[in-house]
Amino acid sequence: MERRRIVIIGSGPAGYCCAIYAARANLKPLLFEGFYSGPAGGQLMTTTEVENYPGFPNGITGPELVDACRKQAARFGTDLLTEDVVSVDLSRRPFIVRGGQTSVEADSLVIATGALAKRLDVPGARDGEFWQKGVTACAVCDGAAPIFRNRPLYVFGGGDTAVEEATFLTKFGSRVYLVHRRKELRASKIMANRVMNDPKIEIIWNHELERVEGDKVVHAVALRDIDTGQITKHEAAGVFFAIGHEPNTAFLQGQLELDEHRYIKVKPGTSYTSKEGVFAAGDVQDHIYRQAVTAAGSGCMAALDAERWLSAQGVR
Ligand SMILES: Cc1cc2nc3c(=O)[nH]c(=O)nc-3n(C[C@H](O)[C@H](O)[C@H](O)COP(=O)(O)OP(=O)(O)OC[C@H]3O[C@@H](n4cnc5c(N)ncnc54)[C@H](O)[C@@H]3O)c2cc1C
């Protein structure tokens, strides 16, 4: 079996940025980009304009940004495999990384498998419909887009993230509606009070999204009353899902410490995980910031941490 000094799993900004640094440190990284686990290139492949990544004053599309990162990683000698990692064995060193077709030994391992933003699967909200034409899953990323300015915006969810997103969107929308399936928010009391006292936010209790309507972009949402089943239509320019993320950690099969939401636990301020020689970067270990630039930054940290750790082990 081939042995590598560093293997990186995941092809978002965290994985590619880690690869750029590791390749430039002469570690000849191997990067598993994924295949069935999600689009190679990660969450940015599902978005159109990225306007908050530094270096692009006029914005850049998500796929273009990812493609540039990928080329930069390849240019310095990263080997890229468009395969999922199916399992890892962290009980021995070198570690074993088993892909769909390729298995390798790894002296060090960086996990950058990201997280999936959950979406409501209703008519109008799907790919090829109004997804990214008014329907999104990231208020911080997309809220400032002109189509949302001074228009009614709908946030779906009831936890802290939904409350944060609704509050953030009051900067842009004419009014923000927080739609929740229950009669009580799951958010912490302090957050719930904040949103209930915000004059720009109205909570619509006990309703769920039935469908999204529009022409080129979103114009309306149809909501269903959970108790009566009655459907009402409301003018809307934006639909923001804030119903949680699913970190891609199942393939680890309990070999690393995770938090209660299945994100990888890292030593604060570093990329060190609970297992020596295994590092984590990007959204798979971050449920707070979840941005391309923070993911890329933590990818850089993981490469530097891994490189120093390998040196200390006498692996160069
Ligand atoms: C709709 C939307 C719009 C967004 N817009 C912006 C924006 O404008 N600006 C911004 O800064 N951020 C934006 N974000 C957030 C940003 O996309 C993420 O923070 C960032 O992509 C996280 O990068 P990552 O490298 O940690 O993981 P990801 O981008 O999630 O990439 C992880 C990769 O790992 C792969 N993978 C998973 N499991 C395996 C496995 N077992 N084997 C191999 N590969 C695997 C996945 O297929 C995926 O390609 C947006 C997110 C969404 C959902």
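In this chain, numbering begins with 1 at the start of the sequence shown. Start at 1 and go down the list; that is how both ligands and their atoms are numbered. These figures come from a predicted structure and were not determined experimentally.
Contacts between T136 and ligand 1, counted as non-hydrogen atom pairs separated by less than 4.0 Å, involve the side chain only. Residue M45 does not touch ligand 1, judged by heavy-atom distances below 4.0 Å. The proximity of L116 to ligand 1, defined as any non-hydrogen pair under 4.0 Å, does not occur for either the backbone or the side chain. Looking at V85 against ligand 1, both its backbone and its side chain come within 4.0 Å, counting heavy atoms. Using a 4.0 Å cut-off between heavy atoms, T113 contacts ligand 1 through both its backbone and its side chain. At a 4.0 Å heavy-atom cut-off, ligand 1 touches S11 through backbone and side chain alike.
The protein atom (non-hydrogen) at minimum distance from atom 11 (O) of ligand 1 is A292 N, 2.8 Å. The protein heavy atom nearest to atom 47 (O) of ligand 1 is S37 OG, 3.1 Å. What sits closest to atom 50 (C) of ligand 1 on the protein, heavy atoms only, is C141 SG, 3.5 Å. Atom 51 (C) of ligand 1 has as its closest protein heavy atom Q43 OE1, 3.8 Å. The single protein non-hydrogen atom nearest to atom 34 (O) of ligand 1 is G10 CA, 3.3 Å, given as residue, atom name and distance. What sits closest to atom 27 (O) of ligand 1 on the protein, heavy atoms only, is G114 CA, 3.3 Å.
Residue-ligand proximity: F241 is placed with every non-hydrogen atom at 4.0 Å or more from ligand 1.
Checked against a 3.5 angstrom limit, the closest N/O atoms of A14 and ligand 1 fall inside it. Considering backbone and side-chain atoms alike, R290 places an N or O below 3.5 Å from some N or O of ligand 1. Below 3.5 Å of separation, one finds no N or O of N248 facing any N or O of ligand 1. Considering both main-chain and side-chain atoms, Q291 comes within under 3.5 Å of ligand 1 through a nitrogen or oxygen pair. The shortest N or O to N or O distance between P13 and ligand 1 is below 3.5 Å. When only interatomic distances are considered, the shortest N/O to N/O separation between W131 and ligand 1 does not fall below 3.5 Å. Considering backbone and side-chain N/O of F251, none are found under 3.5 Å from N/O of ligand 1.
The only member of H245, E246, H287 that meets side-chain hydrogen bond (donor to acceptor under 3.5 Å, both in side chains) when paired with R262 is E246.
Between F240 and F148, the ring center distance clears the sub-6.0 Å criterion. Here Y272 and F279 bring their ring centres to under 6.0 angstrom of each other.
The side-chain tip of R24 points at the ring of F76 from less than 6.0 angstrom away and within 45° of straight on.
One finds a salt bridge joining E105 and R92 here, because a Lys/Arg side-chain nitrogen approaches an Asp/Glu carboxylate oxygen to under 4.0 Å. With respect to the salt-bridge test (charged N to carboxylate O, under 4.0 angstrom), the residues D286 and R290 do not qualify.
With contacts defined as side-chain heavy-atom distances shorter than 4.5 Å, the pair V97/R4 does not qualify. Side-chain atoms of Y16 and L31, non-hydrogen and from C-beta on, do get closer than 4.5 Å to each other.
Which parts of ligand 1 touch G34 is read off a 4.0 Å heavy-atom cut-off, strictly below it: atoms 43 (C), 44 (N). Near N52, meaning under 4.0 Å from any of its heavy atoms, are these atoms of ligand 1: 7 (C), 8 (O), 9 (N), 10 (C), 11 (O). Here is the list of ligand 1 atoms found below 4.0 Å of a heavy atom in G42: 28 (P), 29 (O), 31 (O), 48 (C), 49 (O). Those atoms of ligand 1 that come under 4.0 Å of a heavy atom in A115, given as number and element, are 30 (O). Distances below 4.0 Å separate heavy atoms of E83 from the following atoms of ligand 1: 43 (C). Residue contact check: Q132 has heavy atoms under 4.0 Å from atoms 1 (C) of ligand 1. For ligand 1, the atoms closer than 4.0 angstrom to any heavy atom of A112 are 32 (C), 34 (O). For ligand 1, the atoms lying closer than 4.0 Å to a non-hydrogen atom of G282 are 26 (O).
Side chains of T47 and Q132: a donor-acceptor N/O pair is present below 3.5 angstrom, by distance only.
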May I have the list of side-chain donor-acceptor pairs in residues 155-162 shorter than 3.5 Å, sequence neighbours left out?
residue	atom	partner	partner atom	Å
D160	OD1	S188	N	2.8
D160	OD1	S188	OG	3.4

Assess whether side-chain contact (heavy atoms from CB on, under 4.5 Å) is satisfied between Y177 and H234, documenting all intermediate values. CA-CA 10 Å; Y177 299 88; H234 307 254; over 6 Å; no
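Within 6.0 Å of CG in N26 there are 12 or fewer heavy atoms belonging to other residues, nucleotides or ligands. Other residues, nucleotides and ligands place more than 12 heavy atoms under 6.0 Å from the NE2 atom of H219. Counted within 6.0 Å of CZ on R126, heavy atoms from surrounding residues, nucleotides or ligands total more than 12; the atom is thus considered enclosed.
Remark: D107 engages R3 in a salt bridge (charged side-chain N to carboxylate O under 4.0 Å, His left out) (not counting sequence neighbours).
In this structure, CD in Q253 is found 9.5 Å from CG in D89, a value given to the nearest 0.5 Å.
When the heavy atoms of D283, L81, T294, D142 are ranked by distance to atom 19 (O) of ligand 1, first place goes to D283.
Proximity of a side-chain donor or acceptor of D84 to a complementary backbone N or O of F35 within less than 3.5 Å is detected.
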